[in-house]
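It should be emphasised that the depicted structure is a prediction, and the values quoted were computed from it without experimental measurement. These numbers come from the heavy atoms of this one structure, side chains and all, not from hydrogens, waters or symmetry mates.
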2 protein chains.
Amino acid sequence: MVSVAPKGRPREFCTDRALAAALRVFWTKGYEGASMADLTEAMGITKPSLYAAFGNKEALFHKALDLYEAEKLAYVGVALEQPTARSVAECFMRGAVATQTSSCDPKGCLGVIHSMACGAEAESIKADVIARRASSQAALVARFERAKAEGDLPPHVDVGGLTSYLYAILQGMAVQAGSGASREELERLVDTTLAIWPSA
Amino acid sequence: MVSVAPKGRPREFCTDRALAAALRVFWTKGYEGASMADLTEAMGITKPSLYAAFGNKEALFHKALDLYEAEKLAYVGVALEQPTARSVAECFMRGAVATQTSSCDPKGCLGVIHSMACGAEAESIKADVIARRASSQAALVARFERAKAEGDLPPHVDVGGLTSYLYAILQGMAVQAGSGASREELERLVDTTLAIWPSA
DNA sequence: TAGCTTCCATAACGACCGGTATATAATGGC
DNA sequence: GCCATTATATACCGGTCGTTATGGAAGCTA
C-alpha cells in the first residue's frame, strides 16, 4: 500500500525530473567533471534538497545509472531476443547509434565514459560500471553460444572472441560519438561491420 | 650551438625522467584525476620545480602526450608502411595490444582516455587529443585508398567506413584494456577480427 | 671571496570541492 | 490554534585544487 499522505511539507520538485537532469550532467561531464554546483543548477534545486532526496553524489550517480540502463539501454534486451546472431549484432549496433547520437541527449555512452581512468574518488564508480558490463557481456556470450549451436554462426568461430569483438565495436562507437562523430559516420561503420559479419 | 654552461645552479633532477613519471600518472588517472600532488610525488620534485621546468599542468600534459606518441605509438608509423591492408590492420592491432597491456605500463590508451567526457578544465585537452586522432585517421584512410587501388581490398568496400571500423576496434580494445581485460582476451579479439577481415 | 643567476623548500594564496548546521516556511494531525 | 514533521534557503564547514610569493642554498664567473 502506498502512503498517500506524507506527514510534513511536500517537496516542491519532481524527483524523477531532477534525476533525469542529473543524468544529463553526468553523461555530459562525467562523474568527476560534474560538480555539485553543476548538478543542482541543472536539477533546479539547492544542495540540501539534493542531499535529502538522493543521499550524496555517489548515490545520485548510481540512481542516474539505473535510469540510464532502464531508459537508454532498453535495446540491449531487445537485441538479445533477435532470431540470429547477425540480427542480434545489428540490433545492438543500431540501438547504440540511436542512443549515442540522439539530438536531444548527450553524445557517447555513460558506461564507457565511466570505465576509463579516473581519480581515486571515482574508483568505486568505475568498478560498478565494469561489473554491470561484465554481466551483460556474459549474456551475449550465452546468446552467441546458442547461435553457434543453432548453426547461424560458423562452427569455427571463437564465441568469446566474437563477443569481445562486438563489444569493442560498440565501445569504439561510443568513443567516436563522444568525440563528435556524426550519425552518418557511425552508420557507415555499422554497415561495414555487417558487411563482413561471419556467416555460416 | 648548444649552450653547455648554464649560468646558475643546475637542476637536481632529470627532466626526461620526470616527464616520463608524469606520463604514467596521467595515463593511470587521467588529466583531471591526476592532482599536482600526485604528479610531484611521482616525479620526485616539488611544485615550484615543476612549474619552473614545465610551465603548468596543461603544458606538462601536452609534453607528456608528445612523449607518449613518440615512445608508445611508434607502431602506428610502422603499421602504415605494411604491404597490404590486412597487414596494416594486424600491425595496428598487435601494436595496440602490446602497448595497452604492457606489464610495466598503465593499461589502456592515453588518447582514448582523454577523448571522453570531462569537466570544463579539460575541454582543451580533449580537443587536442581528438585533433591528433583525426590526423592519424586521415593517414589510415589514405593508406586504405591505396590498398583498394592496389587490389588488396575488395572494390566494393567503403574505405571511410572501414577506417572508422578499425579505429573503433582499437578504441574498444583500449576501453577493455583499461577495464582489466587480459592480453589473452585482447589477442582473441584481434584473431577474430583478422579471421573476418575482408579479402579481395 | 664577491656578485650574479638559478634552483629548491616552505608556506601561503584565492577558488572551488563535497557536504552540513541553522533557521524559516509549509503541510497534516490533533 | 498548536504541535510534530518535512522541505527550503542561506550561509558556512574543513579540505583540496592549481598556482605562486618568499627566503635561502648552490653553483657559476671573476
Side-chain angles (χ1 to χ4, degrees), chain A residues 1-19 21-22 25-26 28-64 114 117-126, chain B residues 2-19 21-22 25-26 28-64 114 118-126:
Chain A
M1 163 176 168
V2 177
S3 165
V4 293
K7 280 182 284 190
R9 172 179 175 177
R11 63 164 49 99
E12 298 176 355
F13 64 93
C14 168
T15 54
D16 288 344
R17 287 189 171 276
L19 184 59
V25 176
F26 284 132
T28 304
K29 300 192 162 191
Y31 179 78
E32 289 175 301
S35 70
M36 296 303 293
D38 293 330
L39 290 163
T40 53
E41 182 185 356
M43 299 164 84
I45 63 178
T46 60
K47 280 200 277 187
S49 296
L50 189 156
Y51 277 85
F54 299 102
N56 61 12
K57 187 184 181 184
E58 181 165 356
L60 175 63
F61 179 84
H62 283 104
K63 286 173 179 135
H114 292 91
C118 59
E121 58 169 330
E123 285 292 346
S124 70
I125 299 291
K126 174 179 171 182
Chain B
V2 176
S3 166
V4 292
K7 280 182 281 193
R9 171 180 174 178
R11 62 164 51 97
E12 298 177 353
F13 63 94
C14 167
T15 55
D16 288 344
R17 288 190 171 275
L19 184 59
V25 177
F26 284 132
T28 305
K29 300 192 163 192
Y31 180 77
E32 289 174 303
S35 70
M36 295 302 295
D38 293 331
L39 290 163
T40 53
E41 181 186 356
M43 299 164 82
I45 63 177
T46 59
K47 285 199 270 187
S49 296
L50 189 156
Y51 277 84
F54 300 102
N56 61 11
K57 187 183 182 185
E58 181 166 355
L60 175 63
F61 179 84
H62 283 104
K63 284 167 180 145
H114 293 92
C118 60
E121 59 170 328
E123 286 292 347
S124 70
I125 299 291
K126 174 178 170 183

message: Just to verify, what does A21(B) make a side-chain contact (heavy atoms from CB on, under 4.5 Å) with, not counting sequence neighbours?
response: M43(B)
query: What does A34(A) touch in the nucleic acid at a heavy-atom separation under 4.0 angstrom: a base, only the sugar-phosphate, or nothing?
result: sugar-phosphate
task: Answer yes or no: side-chain N or O of R11(A) and base N or O of dA7(D) forming a donor-acceptor pair under 3.5 Å.
output: no
Point-to-point distance, once rounded to the nearest 0.5 Å, from OH of Y31(B) to CD of E58(B): 5.0 Å
query: Using rotation axes that map the C1' atoms of four end pairs onto the next four (five pairs an end), what angle separates the end axes of the helix from dT1(C)-dA30(D) to dC30(C)-dG1(D), to 10°?
result: 0°
- request: Would you kindly give the CG-to-P distance between L50(A) and dT8(D), to the nearest whole Å?
  value: 11 Å
query: Is the shortest heavy-atom distance from the side chain of C118(A) to the side chain of K29(B) under 4.5 Å?
result: no
query: Just to confirm, is there a sub-4.0 Å distance from OP1 or OP2 of dG28(C) to any side-chain nitrogen or oxygen of K7(A)?
result: no
- prompt: Under 6.0 Å from the CD atom of E41(B), do we count more than 12 heavy atoms belonging to anything else shown?
  reply: no
query: Hey, would you say the F61(B) and H114(B) ring centroids sit under 6.0 Å apart?
result: yes
field: Nucleotide nearest Y51(A) (side chain, heavy atoms from C-beta), chosen from dT6(D), dT8(D), dG19(C)
entry: dG19(C)
message: What I want to find out is whether R9(A) reaches E12(A) closely enough, with some N-O distance under 4.0 Å, to be called a salt bridge.
response: yes
- prompt: How close or far is atom C1' of dC17(D) from atom CD of E41(B), stated in whole angstroms?
  reply: 16 Å
message: Using whole Å, what does the distance between atom P of nucleotide dC16(C) and atom NZ of K57(A) come to?
response: 16 Å
field: Atom-to-atom span, CE of M43(A) to P of dG18(C) - whole angstrom
entry: 13 Å
message: Distance criterion of 3.5 Å, no angle test: do you see the side chain of R9(A) paired donor-to-acceptor with the base of dA26(C)?
response: no
- prompt: Under 4.5 Å between any side-chain heavy atoms of E32(A) and F26(A), yes or no?
  reply: no
query: Given atom CG of L60(B) and atom P of dT19(D), what is their separation to the nearest angstrom?
result: 10 Å
- prompt: Below 4.5 Å, heavy atoms only, C-beta onward: do H62(B) and F54(B) meet side chain to side chain?
  reply: no
field: Whole-Å distance separating the CD atom of E32(A) from the P atom of dC17(D)
entry: 11 Å
query: Are L60(A) and L19(A) close enough that some pair of their side-chain heavy atoms sits under 4.5 Å apart?
result: yes
At a cut-off of 3.5 Å, list every protein nitrogen or oxygen paired with a nitrogen or oxygen from nucleotides 9-11 of chain D, distance to 0.1 Å.
none

- request: May I have the distance from E121(B) (atom CD) to dA15(C) (atom P), rounded to whole angstrom?
  value: 17 Å
task: Using whole Å, report how far NZ of K29(B) lies from P of dT16(D).
output: 13 Å
